[in-house]
Amino acid sequence: MPGTQGHAAAEPPTERIAADLATVVGRLSRRLRTASPDSLLTPTQRTVLARLDTEGPATTAALARSEYVRPQSMRLTLGALEEQGFVARSPDPTDGRQSVMSITDSGRATLASVRAAKHGWLAQALASELDADERRTVAEAAALLERLVQK
């Protein structure tokens with residue numbers, strides 16, 4: 001057919017891909033947050049607990065840098081987590097003026113519960129809405145997105 005050659009293979013503009021991706025990732029993130037509505041964690045608290053769980057104990061300043069927030073904001077987040085018993089404070093072994101925060105067993109259990117609810121919703125959605133080829137495509141896209149965020 002005249003005029004259609006190469007049309008199917010045309011690559012969308014990079015700016016359009018970026019805008020569409022940012023929109024859908026934001027919507028997915030918001031949808032995942034609603035998967036565990038009775039959660040005791042705000043998104044920021046969940047992120048901090050996850051970081052402490054994977055990377056180990058850290059100071060308030062280090063966590064603030066990692067999360068791109070002011071130390072005052074991180075102190076508030078950690079204070080709320082500490083009140084709930086999800087993190088524990090101990091003296092920094094190298095600097096007595098600072099404290100090191102670590103996740104508690106209760107924090108780990110709460111984080112696992114939040115993750116299970118989110119992963120459960122997403123797994124069910126993937127299984128019910130996508131066929132095997134589409135799920136493979138999503139898996140490939142997830143690997144590519146991981147490569148982007150490592151930059």
Same cluster for Leu111 and Leu32 if Ile/Leu/Val/Met/Phe/Trp/Tyr side chains link at under 4.5 Å? no
If we ignore hydrogens and angles and just use 3.5 Å, is the side chain of Thr110 paired with the main-chain N or O of Ser106 as donor and acceptor? yes
In Å, rounded to the nearest 0.5 Å, how long is the span from OG1 of Thr14 to CG of Leu21? 12.0 Å
Indicate, with yes or no, if Ile17 and Leu145 share a hydrophobic cluster defined by side-chain heavy-atom contacts under 4.5 Å among Ile, Leu, Val, Met, Phe, Trp and Tyr. no
Could you tell me whether Arg16 and Asp20 make a salt bridge, using a distance below 4.0 angstrom between a side-chain N and a carboxylate O? yes
Donor-acceptor pair, side chain of Ser66 and main chain of Ala62, under 3.5 angstrom: yes
Heavy atoms, side chains only, cut-off 4.5 Å: are Gln84 and Gln45 in contact? yes
Are Val138 and Leu28 connected into the same hydrophobic cluster when the rule is that any two of I, L, V, M, F, W, Y join if their side-chain heavy atoms are below 4.5 Å apart? yes
Shared hydrophobic cluster for Leu148 and Val24 (ILVMFWY, side-chain gaps under 4.5 Å): yes
Check: Lys118 and Val114 side chains under 4.5 Å, non-hydrogen atoms: yes
So how far is it from Arg70 CZ to Met74 CE, rounded to the nearest 0.5 Å? 11.5 Å
Least distance between heavy atoms, Pro93 atom then Val100 atom: CD-CG2, 4.3 Å
Polar side-chain atom of Ser29 near backbone of Val25 as donor-acceptor pair, under 3.5 Å: no
Any salt bridge linking Asp53 with Arg115? Criterion: basic side-chain nitrogen under 4.0 Å from a carboxylate oxygen. yes
Atom CZ of Arg65 and atom OG1 of Thr60: how far apart are they, to the nearest 0.5 Å? 10.5 Å
Student check: side-chain heavy atoms of Phe86 and Leu41 closer than 4.5 Å: yes
Under 3.5 Å donor-acceptor, Gln150 side chain and Arg147 backbone: no
dist Glu134:CD -> Leu126:CG (nearest 0.5 Å) comes out at 10.0 Å
Beyond-backbone contact of Arg108 with Asp105, side-chain heavy atoms, under 4.5 angstrom: yes
I need the Thr59 OG1 to Arg89 CZ distance, nearest 0.5 Å. 11.0 Å
Between the side chain of Thr104 and the main-chain N/O of Ala88, is any donor-acceptor distance below 3.5 Å? no
Between Leu63 and Leu52, is any pair of side-chain heavy atoms under 4.5 Å apart? yes
Would you say the side chain of Glu67 lies within less than 4.5 Å of the side chain of Thr47, judging by non-hydrogen atoms? yes
